[in-house]
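This report concerns only the one structure given below.
Labels below follow one simple rule: chain letters A, B, ... track the order of the sequence lines, proteins then strands, and each chain is numbered from 1.
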Amino acid sequence: MYDVIIIGGGPAGLTAGLYAARGGLRTLICEEKVFGGQILMSYEVDNYPGFPKGISGMDLMDNFIKQAEKFGVEMNYEGVKSIEDEGKTKYVVLSNDTKLSTKTIIIAAGASPNKLNCPGEKKFTGKGVSYCATCDGAFFRGRPVAVVGGGDSALEEALYLANLASKVYVIHRRDQLRAVKVLQDRAFANKKLEFIFNHVVKEIQGDKFVNGVLIENTQTGELSRLEVEGVFIYIGMTPNTKFVEDLIKLDEDGYIIVNDRMETNIPGIFAAGDIRVTPLRQVLTAASDGAIAASCAQKYIEMNF
Amino acid sequence: MAEVQLTQSNWEDEVLNSNIPVLVDFWAPWCGPCRMVAPVVAEIANEYEGKLKVGRLNTDEEPEIAVRYGIMSIPTLMIFKNGEVVDQIIGAVPKEYIVEKLEQIL
């Protein structure tokens with residue numbers, strides 16, 4: 001039996017793993033896609049303390065992984081289908097149907113980027129449609145692209161793309177941006193960025209590759225077309241809580257409700273990082289959640305076993 | 001079996017003329033998800049030794065091949081059989097998803 005099974009290998013899960021293993025607990029992290037989580041998509045993280053020159057999301061997560069490994073965390077590449085609570089013993093059912101028993105569970109499965117769900121999005125994914133400017137920006141050197149969204153991620157990625165693309169349209173459905181002021185100031189000062197407010201994307205068009213987007217003015221309903229070869233989509237996230245929704249208490253948006261010890265409604269099951277209800281979703285806050293969850297899981301084990 | 005580092009000069013021999021199917025991992029050093037997908041690809045290379053060749057192509061160093069195959073997003077995994085692309089997987093996906101695709105082809 002494991003002491004802790006952590007579901008998700010992003011900043012929250014890796015930090016929980018580090019704390020749990022360092023505390024002497026037998027710890028497993030299950031990650032269905034890639035260790036590191038969403039921050040891997042970020043070219044530069046300049047608000048994680050300790051790195052005054054900034055650090056790439058990839059290098060930061062490489063360090064997180066190495067540090068967790070140093071303390072003997074077990075890691076696997078398995079998705080989790082469901083979790084079961086039988087009081088003291090809990091079970092984690094993996095995508096390969098293996099059923100693992102554990103004393104505690106930390107859910108740190110994060111959130112996934114939302115899709116536009118418009119015609120052409122799926123067809124052209126990897127053929128001009130992208131959710132990772134850092135990965136794919138270089139394929140659009142000297143070409144016009146569009147970024148969809150108005151939050152921090154949308155502007156950060158638009159600014160990154162401005163270094164490569166010939167032109168960056170930022171398409172946002174509202175009349176003002178949600179992003180923090182420092183990013184807005186930088187974005188408005190950048191000559192390559194052109195803001196298209198009050199518009200939504202109706203269709204992504206192309207033949208073999210993307211060659212344009214059809215957009216609609218939300219005020220007038222008027223349709224127009226932008227000639228772009230890339231479309232980068234940053235329109236928010238949805239928490240990955242589907243697999244626990246029958247057992248764990250969620251808020252109306254699907255995020256896990258926890259107390260200040262990261263405990264869910266079920267004793268011995270904790271949640272950490274972007275997946276929980278929280279006013280701020282950063283690498284730093286995810287790591288902090290992971291540390292608290294692991295520490296409280298350890299106390300729970302000491303009290304109950 | 002170790003993964004083969006693919007370049008324009010060995011592409012024909014290693015991929016197009018291979019007598020077993022080839023899984024090609026298109027990646028670049030700046031791409032975080034690519035670096036993290038690498039261990040999954042390495043596991044697959046070990047598990048399918050003898051049945052599947054696994055190669056890695058750096059799109060930064062070999063842009064001609066990336067352009068030839070229309071790569072506009074990485075990581076992209078392409079499966080070649082008898083010199084033809086028979087399937088492709090775009091973005092970081094669960095290992096079992098890659099295995100499912102391979103099982104259909106092998």
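- Around the CD atom of B/Glu84, the shell of radius 6.0 Å holds no more than 12 heavy atoms that belong to other residues, nucleotides or ligands.
- Residues of residues 94-106 of chain B lying within less than 4.5 angstrom of chain A, judged on heavy atoms, are B/Pro94, B/Lys95, B/Glu96 in numerical order.
- Within the 4.5 angstrom heavy-atom criterion, no atom of A/Ile39 approaches chain B.
- By the 4.5 Å heavy-atom criterion applied to side chains, B/Pro39 and A/Tyr77 are counted as neighbours.
- For the set B/Val40, B/Ile74, B/Asp60, B/Ile90, the count of heavy-atom pairs under 4.5 angstrom toward chain A peaks at B/Ile74.
- Between the CG atom of A/Asp136 and the SG atom of B/Cys31 there is a distance of 7.0 Å, given to the nearest 0.5 Å.
- More than 12 non-hydrogen atoms from other residues, nucleotides or ligands lie less than 6.0 angstrom from NZ of A/Lys81.
- Looking at A/Phe140, only its side chain comes within 4.5 Å of chain B, counting heavy atoms on both sides.
- Checked by atom type and distance alone, the side chain of A/Lys33 never pairs as donor or acceptor with a backbone atom of B/Pro33 at under 3.5 Å.
- B/Val93 touches chain A through its backbone: at least one of N, CA, C or O sits under 4.5 Å from a heavy atom, while the side chain does not.
- Surrounding CD of B/Glu12 are at most 12 heavy atoms belonging to other residues, nucleotides or ligands under 6.0 Å away.
- Shortest non-hydrogen contact noted between B/Met36 and A/Met58 is CE-O, 3.9 Å.
- The minimum heavy-atom distance between B/Trp30 and A/Thr134, with the atom names listed, is CD1-O, 2.8 Å.
- For the set A/Gly137, A/Ser95, A/Ser130, the count of heavy-atom pairs under 4.5 angstrom toward chain B peaks at A/Ser95.
- Heavy atoms closer than 4.5 Å to chain A are found in both the backbone and the side chain of B/Ala92.
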